[in-house]
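Comments concern the structure below.
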Amino acid sequence: MKRQLIIATAAAAALVAGGTVTAVAVSNDGSGTARSGAPVTAQPAAHDAGSGTAQVQDGRSSIRMQDDDANGQEDTREARTAKVTASDAAAAALKAVPGTVAGLDLDADRPGLVWDADVLGKDGKWHEVTLDAGNARVLNQHVDHDEDDDARESAALRNARTDAGTAARTAAASHGTVTSVELDDDRAKAVWEVETVTKDGKEHKLLVDPQSGNLSPVPAHDADDDNDDDGADD
C-alpha cells in the first residue's frame with residue numbers, strides 16, 4: 001500500500017508539471033510485482049485567475065474601442081448630413097428666442113437630424129429650441145424648467161464677448177464641421193468647448209476664449225479625464 005501511495009503521488013506531481021508519465025500498477029496479490037502501462041500525457045493546467053482577469057479587462061477594452069468607433073462613425077454621418085451649420089443654428093435659435101445661446105448639439109436621437117439649442121432668454125429664463133438640421137426651421141421650443149438657475153453660467157454668458165455662433169465659426173475654419181458647442185464654466189475661467197469632425201472622420205475637441213475668441217486645443221490631462229469617464233475599470 002505504501003508503494004501504491006508513493007507511485008500515485010509521483011504521478012500526480014508530474015501531471016501538475018504538465019509532463020508525460022508512465023502509469024504503474026502494483027498488484028494487490030502481495031507479490032510486489034510491478035506492471036508498467038501505457039504512457040499518459042498530462043493536460044496543461046488551467047490558467048490562473050490573474051490571466052482570466054486580464055482576458056476580462058481586454059474584453060472590456062475591446063468593447064470600449066468598438067463603442068468609441070461606433071460613436072465616431074455616427075458623429076461623422078451626422079456632420080456630413082447636416083446642411084445647417086452650428087453658427088446658422090445659433091442665429092436661427094436667437095430669432096425664435098432673443099437672448100444668448102449657451103449650447104448647441106447636433107442630435108439624431110429623435111426622428112430626423114436636429115440642432116438642440118439652449119438659450120438664456122432676455123426674460124431671464126432658459127429655453128430649449130429644436131431646429132431642423134436641414135433647413136433651420138424651428139420644430140419645437142419651450143421653457144426648460146429643469147435647467148438649474150446657475151448664476152455663474154448666466155454671468156459668464158452675459159460677460160462673454162464671443163458668442164456660441166462665433167466660437168463655432170472659429171473652430172470650423174480649421175477643424176471641420178462643428179457638432180457641439182457648450183460654455184464650460186466648471187473651469188477656473190469659463191470657456192467655450194467646441195467639438196468638431198474633420199472630413200477624414202477624426203473628432204476634435206477645442207477651446208475658444210469667450211473674451212478674446214482665441215482658439216486652443218483641450219489640455220492633455222482633460223482629454224485623459226474624458227477617456228477615463230466611461231465608468232469602466234482601468
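All of these numbers come straight from a predicted model, not from anything done at the bench.
- A 4.5 Å side-chain heavy-atom check between Arg187 and Leu207 finds at least one atom pair inside the cut-off.
- For the residue pair Ala108 and Glu78, the shortest heavy atom distance occurs at CB-OE2, 3.2 Å.
- Annotation for Lys83 and Gly134: closest pair CB-O, 3.7 Å, computed over non-hydrogen atoms.
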side-chain contact (heavy atoms from CB on, under 4.5 Å) between Ser87 and Thr166, intermediate numbers included: CA-CA 7 Å; Ser87 56; Thr166 302; over 6 Å; no
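- Annotation: the span from Thr196 atom OG1 to Glu203 atom CD amounts to 8.5 Å, rounded to 0.5 Å.
- Judged by distance alone, with hydrogens and angles left aside, the side-chain atoms of Thr81 form a donor-acceptor pair with the main-chain N or O of Arg77 at under 3.5 Å.
- Looking only at distances, no side-chain donor or acceptor of Asp105 sits under 3.5 Å from a matching main-chain atom of Asp107.
- Contact check for Glu128 versus Gln141: no side-chain heavy atoms found under the 4.5 Å cut-off.
- Residue Ala168 comes nearest to Val178 through the heavy atom pair O-CG2, 3.4 Å, listed as atom of the first residue, atom of the second, then distance.
- Arg161 contributes no side-chain N or O that, together with a main-chain N or O of Gly213, makes up a donor-acceptor pair within less than 3.5 Å.
- Of all the heavy atoms in Ala102 and Trp126, the pair that sits closest is CB-CZ3, 3.5 Å.
- In this structure, Arg152 places its CZ atom where more than 12 heavy-atom neighbours from other residues, nucleotides or ligands lie under 6.0 Å away.
- Residues Ala93 and Ala117 come closest through the heavy atom pair CB-CB, 3.8 Å.
- A heavy-atom distance below 4.5 Å is found between the side chains of Thr198 and His204.
- Within the 4.5 Å cutoff, no side-chain heavy atoms of Ser216 are placed close to those of Leu206.
- Residues Asp184 and Trp192 fail the side-chain proximity criterion, which asks for heavy atoms closer than 4.5 Å.
- The CZ atom of Arg169 lies 8.5 Å from the CG atom of Asp88; values are rounded to the nearest 0.5 Å.
- Looking at Leu104 and Ser180, their side chains never come closer than 4.5 Å, going by heavy atoms from C-beta outward.
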Trace of the side-chain contact (heavy atoms from CB on, under 4.5 Å) decision for His175 with Val194: CA-CA 10 Å; His175 288 80; Val194 186; over 6 Å; no
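- Under 4.0 Å is where a charged nitrogen must lie from a carboxylate oxygen, and between Glu182 and Lys205 no such pair does.
- Panel note: side chain Gln211, backbone Asn159; a donor-acceptor pair is recorded below 3.5 Å.
- When all heavy atoms of Val84 and Ala136 are compared, the pair lying nearest together is CG2-N, 3.4 Å.
- Contact check for Leu113 versus Leu106: side-chain heavy atoms found under the 4.5 Å cut-off.
- The distance from atom CG of Leu120 to atom CG of Leu183, rounded to the nearest 0.5 Å, is 10.5 Å.
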Step-by-step side-chain contact (heavy atoms from CB on, under 4.5 Å) determination, Val138 to Val129: CA-CA 7 Å; Val138 175; Val129 183; 4.1 Å; yes
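- The residues Lys189 and Asp209 are annotated as salt-bridged, a charged nitrogen and a carboxylate oxygen being separated by less than 4.0 angstrom.
- Expressed to the nearest 0.5 Å, how far OG1 of Thr100 lies from CD of Glu153 amounts to 11.0 Å.
- Between Asp118 and Val101, the closest side-chain pair of non-hydrogen atoms is not below 4.5 Å.
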